[in-house]
Amino acid sequence: MNERVFVYARRMAVADVLAPWEAGLNPAQTEAVNHDGDALLVIAGAGSGKTRTLASRVARLLGDGADPDRVLLLTFSRRASREMLRRAEHLGASRASARVWGGTFHAIANRLLRRHGAAVGLAEGFTILDQGDACDLMGVVRAEFGLAERGRRFPKKDTLLDIYSRVVNSQRPLAITMKEHFPWCTADVDEVAGVFSAYVARKRDRNLTDYDDLLLYWRALLTDSPVADVLRARFDHVLVDEYQDTNLLQADIIQGLAPRGRNLFVVGDDAQAIYGFRAATAANMTDFPNRFPDCRVVTLDWNYRSTQPILDVANAVLTGARGVFPKELRTARDDLVPGNISPPRLVRVPEEGAEANYVCDRVLEHREHGIALRDQAVLFRTGHHSARLEVELGRRNIPFIKYGGLKFLEAAHVKDLLAFLRLLENPSDEMAWHRVLGLLEGVGPATTRRVLEHLSLPDPTAVRRFVDDPPGVPPRAAAHLELLRATLGDCLDVAGQNGDASTAAEIEAIRARVGPLVEHKYRAAESRMADLEQLQAMASASPTRSQFLSELVIDSPSATGDLAGPPHLDDDWLVLSTIHSAKGGEWDVVFVIHAADGNIPSDMSLSSREGLEEERRLFYVGLTRARDHLYVTYPLRFYVRRHALDDLHTWAQPSRFLNPTAGLFEDVTVEPTAADLAESAPGPDKVTSQLTSLWA
DNA sequence: CATTTATAAATTTTT
DNA sequence: TTTATAAATG
């Protein structure tokens, strides 16, 4: 929703006797907000006021006396849920909205399982494995099967986790899933099944869950548990955002929560389905009326966000789409002076450096014209597409924040420190032991295995035993083992003194002893140590260690320390984001960069029709984020880092999705400057410079 | 025999 | 920048 309409709505509320949440809604939105009883499916095109409708509905429900503690709002990210509840509050729901259950499927599952996990065999204090840990655990199990030694190729741990996750989330048999999505491993179906059952057993044994387990256990709570009846009746109202990006498992959970669809409200747009790789399926939307035969369907089709020329481009991109209900976005904006609308620009640049320059120039230009940095965004297909731009932004002192790509939590040193906390939380957390022991010099896989045998997990007192009765290790590792023993001993002391409120103190103790090790192990020690301090600050804001760890895994902060220039000098920064992470966002100015074939659509997805279609929708999502100004840029030439030292360039075509947009863009061609040429050829690369000059 | 070091290879999107 | 495998080392 756009802020202007929002302000208008509040003004209206004062003028009329309408409730605040009713003002300024169009008829379809009003129906969605006021509908009661049977299930409701809202098909909401991009920019059609979906967020506003959801927020208004929450406000309306609370205004009508619904118990906020019995309202569940499932969103795609923590950010989205916070934002929606904040708006609900402004729309008259007052502070009650803070008590609404809002969050992602995974976060809500965690919250419920902390309370009711025992009913499905999950002991208190379970720890959640993030992607990397789950992957490593899969690797451990895989190694134990000795499959690598047979001389035959066997799927790697990453592939195994992919297969596993897809089977769980799509709820389809292993053999079929492998045949459809991993045909090159079908010969090993039986062995894969064996590894998976061992993986599942190991997690259960060590009181570990992965992301998928959170959903599996939640569904189990609703269907096969002593508390199923209680939990099915737990919520009076269920609202689901981004329904097109839910998978079958999530659809099952929804049905478990509202078996007859009573007071169930889901919103989605099949044209924006971009999580197929995670087994999400827009079929959940088409299937909704089958699951809930009495459901009502409302379509929101007026666009309150973008100018018509921007929507024309988006519409054109979608014309070739398969399997999407045809849509034609029309603008409802009336604040625009016809002659004053900025045409979408398709910008051809010689190479990445020029692209970065062009974007920086335009960003600053718009800023001069009064559009703050935070109202501008640069979007791209994959995390590293912004690398060149980030350098340039840094050079020009333009602050930015980047969403997507490598996260704070994924940095090795952060994981190292968290592993200690996880041990304190769950002494049977095998992966945490692996990580902590691996930190010690002179300790490798073999010593780790021996130590773990000595500890004979699972055992809730493993840490205490490790401290009191340390295992024997090779002489070279003895000193470091002693350090580890002392550190864990300190932690136990801290925990014993202050109880759960001492997470920050624990981190302090760990940093004091192990910090030098971390410093020694990695480069760029200063910024890494700063990260650890930051971690400590974050921990002091969490009431318990358990909550701190869970929230970090489920809702990891996106890329801290990514601010360029003097941070916090002013509160304004440019947004850089993968298109996936930009879902639901909107900005006055949007740049979609690297829009070359091979980037969008990504080469990786060209093997299947569905893959290609998802890329098209992804591009569509990127374009429809723009309110007033849209730039699509593509470099004619860019690096492909095949090998670390390779300096290979690829000649690019504009994205094939741009074909139907002929005449809808204003074409811009940036000529290469001498500086570009010098910069872009960091070696004696005469041929490429000569080729480039052909295009000058 | 276990661990470290050298060498080569591979890199989407996220909870 | 990290990650699996092979050779070298203690």
Side-chain angles (χ1 to χ4, degrees), chain A residues 74-81 103-110 128-132 134-136 139 142-143 148-149 153-154 156-158 161-162 165 168-169 209-215 218 242 245-247 249-250 273-280 379-385 387 403-407 409-412 438 440-450 473-477 522-524 550-556 558 577-583 594 598-607 611 614-615 617-619 621-622 639-646:
Chain A
L74 289 163
T75 55
F76 205 73
S77 67
R78 175 70 65 90
R79 237 187 327 153
S81 133
T104 62
F105 277 85
H106 293 85
I108 300 294
N110 176 52
I128 305 169
L129 302 169
D130 67 15
Q131 169 117 341
C135 199
D136 290 342
R142 177 184 186 270
E149 281 93 53
R153 239 157 48 106
F154 191 73
K156 289 190 295 187
K157 59 180 180 179
D158 308 72
L161 192 68
D162 268 3
S165 189
V168 169
N169 285 294
T209 66
D210 58 28
Y211 286 129
D212 300 329
D213 286 333
L214 293 173
L215 302 183
W218 188 6
E242 308 283 6
D245 284 324
T246 56
N247 59 41
L249 185 49
Q250 290 166 317
I274 53 175
Y275 278 85
F277 68 92
R278 215 168 79 181
L379 310 182
F380 34 85
R381 175 65 178 85
T382 73
H384 65 261
H385 283 168
Y403 295 101
L406 190 71
K407 288 189 175 170
L409 183 73
E410 284 156 23
L440 310 178
E441 225 166 283
V443 175
T447 312
T448 301
R449 190 171 47 76
R450 272 205 310 278
V473 291
R476 316 192 308 121
Y522 307 103
R523 287 178 228 266
S550 307
E551 285 183 0
L552 219 46
V553 174
I554 296 173
D555 184 38
S556 156
S558 347
S577 175
T578 59
I579 302 179
H580 281 93
S581 296
K583 191 166 80 156
H594 266 60
N599 292 331
I600 311 178
S602 160
D603 282 328
M604 317 289 295
S605 58
L606 294 181
S607 54
E614 182 150 312
E615 297 287 307
R617 296 191 296 266
L618 192 62
F619 191 44
V621 168
Y639 283 122
V640 180
R641 264 190 27 201
R642 279 252 270 255
H643 306 303
L645 298 171
D646 236 19

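These numbers were taken from a predicted model, which means no experiment stands behind them. Lettering of chains follows the sequences in order, A, B, ..., and the numbering in each one begins at 1.
Here A:F277 counts as stacked on B:dT13: its ring centre is under 5.5 angstrom from the base ring centre and the planes meet at under 30°.
Both A:M604 and A:Q131 lie close to DNA chain B; mapped to their nearest nucleotides by heavy-atom distance, the more 5′-ward contact belongs to A:M604. Two residues, A:L440 and A:I554, neighbour DNA chain B, and the one matched to the more 5' nucleotide by heavy-atom proximity is A:L440.
Atom CD in A:E242 sits about 12 Å away from atom P in B:dT15, given to the nearest Å. Taking atom CG of A:L249 as the reference point, atom P of B:dT14 lies 21 Å away to the nearest angstrom. A straight line from CG of A:L606 to C1' of B:dT13 spans 14 Å, rounded to a whole angstrom. Summarising the geometry, the separation between NE2 on A:H384 and P on B:dT13 is reported as 8 Å, rounded to the nearest angstrom. Between A:H385 atom NE2 and B:dT13 atom P the separation is 9 Å, expressed in whole Å. If you measure from atom CG of A:D130 to atom C1' of B:dT15, you get 11 Å, rounded to the nearest angstrom. Atom NE2 of A:H594 and atom C1' of B:dT13 are 16 Å apart (whole Å). Rounded to whole Å, atom P of B:dT13 lies 18 Å from atom CZ of A:R617.
In this structure, the separation between CG on A:L379 and NE2 on A:H580 is 12.0 Å, given to the nearest 0.5 Å.
Checking the phosphate oxygens (OP1, OP2) of B:dT13, no side-chain nitrogen or oxygen of A:S602 falls inside 4.0 Å. For the OP1/OP2 pair of B:dT15 and a distance below 4.0 Å, the side-chain nitrogens and oxygens of A:S77 include no atom meeting the criterion.
A:E551 pairs by the side-chain hydrogen bond (donor to acceptor under 3.5 Å, both in side chains) definition with A:Q547, not counting sequence neighbours. Considering only residues two or more places apart in sequence or on other chains, A:D162 meets the side chain to side chain contact (heavy atoms under 4.5 Å, CB included) condition with A:F182.
Geometric assessment of A:R79 against the ring of A:Y403 yields a positive cation-pi assignment under the 6.0 Å and 45° thresholds.
Ranking B:dT15, B:dA2, B:dT13 by closeness to the A:H106 side chain, first place goes to B:dT15. Of all nucleotides listed (B:dT15, B:dA2, B:dT13), B:dT13 comes nearest to the side chain of A:T578.
Across all strands, A:K157 comes closer than 4.0 Å only to sugar-phosphate atoms, never to a base (heavy-atom distances). Residue A:E614 is classed as having no contact, given no heavy-atom separation below 4.0 Å to the nucleic acid. Looking at heavy-atom distances under 4.0 Å, A:F105 makes no contact with the nucleic acid at all.
When all heavy atoms of A:L161 and A:Q131 are compared, the pair lying nearest together is CD2-O, 3.8 Å.
With hydrogens and angles ignored, the 3.5 Å screen pairs a side-chain donor or acceptor of A:D245 with a backbone N or O of A:I274. The backbone N or O of A:G611 lies less than 3.5 Å from no partner atom in the side chain of A:E614, so there is not a single donor-acceptor pair.
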Taking Watson-Crick and G-U wobble pairs with both distances under 3.5 Å, convert DNA chain B into its dot-bracket string, 5' to 3', dots for unpaired and | for cross-strand pairs. ||||||||||.....
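For the residue pair A:S605/A:S602, the side-chain donor-acceptor check at 3.5 Å is not satisfied.
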